[in-house]
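See below for the structure under consideration.
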Protein chains: 2
Amino acid sequence: MANPFPIPLNALRAIEIVARRGALAPAAEELGVTIGAVSQHLRRAEDRLGMELFARTPQGIKPLPALVQVLPQLTGGFTQLQDGLASLTGAHEGVLNVTVGSVFASRWLIWRVNKFSALYPGLEVRLTVTGAMLDLSRPDIDCGVRYGDGTWPGVDVSLIGGQDYQPVCSPLIRDRVKSPADLAHVPVIADQTSMLDWPAWLTKAGLDPALPLNGPVYSDASLAFDAAISGQGILLAADMMTADAVSDGRLIRPFDLPVRGKRGYFLATAKGRREPKKLGFFRDWLAAEVPASVLGYVHQNVPNTATLAPFSK
Amino acid sequence: MANPFPIPLNALRAIEIVARRGALAPAAEELGVTIGAVSQHLRRAEDRLGMELFARTPQGIKPLPALVQVLPQLTGGFTQLQDGLASLTGAHEGVLNVTVGSVFASRWLIWRVNKFSALYPGLEVRLTVTGAMLDLSRPDIDCGVRYGDGTWPGVDVSLIGGQDYQPVCSPLIRDRVKSPADLAHVPVIADQTSMLDWPAWLTKAGLDPALPLNGPVYSDASLAFDAAISGQGILLAADMMTADAVSDGRLIRPFDLPVRGKRGYFLATAKGRREPKKLGFFRDWLAAEVPASVLGYVHQNVPNTATLAPFSK
DNA sequence: CACACCGATATAGAAAATCTATATGGCAAA
DNA sequence: TTTGCCATATAGATTTTCTATATCGGTGTG
């Protein structure tokens, strides 16, 4: 089968633009090249086709009748390609689909994602809030932000923060928790979904890691959080997730004794996938926003000379 | 204004073909490049756009939904470009418009152009037969074959033949023209449109260049020719134009004494114009056919070991 | 379990295409 | 006659595209 394009597509585009615009200069501007480059495209195409496409007159270059006749087809063709490509890139660039846990969403992201949207208008973040991480290889999911040790199969991860954790409680029960030993006498809120390690913290605090801890039990992390804020007991929580409530006084860190765990919050993506630009924007934004939020939102808007925390992939 | 094509048109074409054909191998075949080249087009495009367009699966490469959605537009776009370009080149390549004189047409070209058409099926020769040469810069005229000294303004020429000329007449009056001096006693046919030079021939024949020549006068060259064939007198004509009639006996060259003039038949084209391929085919054909026709059509189909006459531009 | 095959990918370097910079030509207007 | 505009031609630099080749991952078969 003969080659349907005996001249380069770039040359055909130059021809279409010159024919439509009527001169080399506006065509060069539209193409983003010099007038000489456009002129060469035309000449090489004419030589390759073995025919002239334009008349060179004292008044300038004019498309010959045969070209005028097919110009609507050429213009239509390029317009369709342009529109198709715009639809393709627009549809994709417009929405970032993220799967997150409820705590990360309700205690951190929801309060900050407006800043991301302000930075990237036209890019909408859509959260899918689930207990377990969704299958990241789904084409309609771009990434996840999840808590764990980051060893999920088929997933690439980069740690964004949230490794430190410690007990928090409402100021209402401040007098009842003056020392770690008091944990034996006050309610300790249990979140069944939590992966945080009480024994590790107790060890760090110099207590028996098997110290019995009693209190209300919740199957939903957000409810456990609300219980702590309302004064129902002590909750072990990631510093990153409690920073906002601590900064505005809804919670206090009674012992001020954080422990660094092996787990943390990770930005997770499907292994082997190319990274869309919009995901890169989100990654970069997280890399800046997480360190900046360490002291909670009350302190976040003041000038901060601290360097960004190392952000590893 | 943003670049409407953030990826090369070649890459977009590769994407469209792969999405439509379903694999790299058939796409590479359609594009006339290697599988590696197609793969690179896809990858570079995805990186440039910041998004994936295809899913790589064990069953092979599959377009993602967003690409599937715009594929009709892309396919439509390339089809329009292809069809437009085919129309452009087809419309042009299909017809060769030539302006010629009536003698050249009726005594030479008409009898031979079938050979050209046989060589180039799909390429139709259209003759515009006029007394004077048409304006060759007209876009609907490709070239002319005209008799003259080749110094027309705004015209490029290449000599094709017809410089030699001499008297011819019907065999019916053979007995009346045994020597050049007999010209004073027989009718000499005058063609008012002719540029041939009786005085030059008479000088070559050893006669007074001012020898009075009398006979019927025609304003149309074809009629003058017919008068000669019907025995009405002697006609001075270009050998090239009489060769066929001489070869089949309708005419004789009573003195067999040709003279070489400054004029001849020229292939003429508008100065400064690029030469279409179809015109090049015609030029090449003339370069072979004119020398081959020197002895007239009766002798032309026998094997001829004569080398082609030099064909100058 | 090992091997062969298929389809795709990555890379280095060659080849081709495209571009810029510059000089030049032709024409019209001042 | 000079100047400005539009287009052209050319050399060489730059970028793009291609080929050749090695490799990878998955599947099917012996």
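Applying the side-chain hydrogen bond (donor to acceptor under 3.5 Å, both in side chains) criterion to B/D149, with sequence neighbours excluded, gives B/T151.
In summary, A/K278 and A/E124 do not engage in a salt bridge, as defined by a charged side-chain N under 4.0 Å from a carboxylate O. Between B/E30 and B/R20 there is a salt bridge, with a side-chain nitrogen of the basic residue lying less than 4.0 Å from a carboxylate oxygen of the acidic one.
For the pair B/R21 CZ and C/dG7 P, the computed distance is 14 Å after rounding to whole Å. Look at NZ on B/K62: it is 12 Å from P on C/dG7, rounded to the nearest Å. With rounding to whole Å, A/I61 atom CD1 is found 14 Å from D/dC5 atom C1'. For A/L42 and C/dA17, the CG to P distance is 17 Å, given to the nearest whole Å. Protein atom CD1 of A/I7 is 14 Å distant from nucleotide atom C1' of C/dA17, rounded to whole Å. Atom-to-atom, CZ of A/R13 to P of C/dC19 comes out at 10 Å; the value is rounded to the nearest Å. Computed from coordinates, the A/L24 CG to D/dA9 C1' distance equals 13 Å when rounded to whole Å. A/R43 places its CZ atom 17 Å from the P atom of C/dG25, with the value rounded to the nearest Å.
Contacts classified as salt bridge (Lys or Arg N to Asp or Glu O under 4.0 Å) and involving residues 56-81 of chain B (residues at least two apart or in different chains) are given here: B/E46-B/R56.
A sub-4.0 Å separation between OP1 or OP2 of D/dT8 and a side-chain N or O of A/S39 is present. For C/dG7, the OP1/OP2 oxygens have no side-chain nitrogen or oxygen of B/R56 closer than 4.0 Å.
Between the side chains of A/T269 and A/R283, no donor-acceptor pair of N or O atoms lies under 3.5 Å.
Taking the six-membered ring where the residue is Trp, B/F282 and B/W285 present parallel rings, their angle staying beneath 30° rather than reaching 60°.
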Along nucleotides 11-30 of chain D, 5' to 3', which nucleotides get a B, which get an S, and which get a -, given that the test is a protein heavy-atom distance under 4.0 Å?
------SBB------SS---
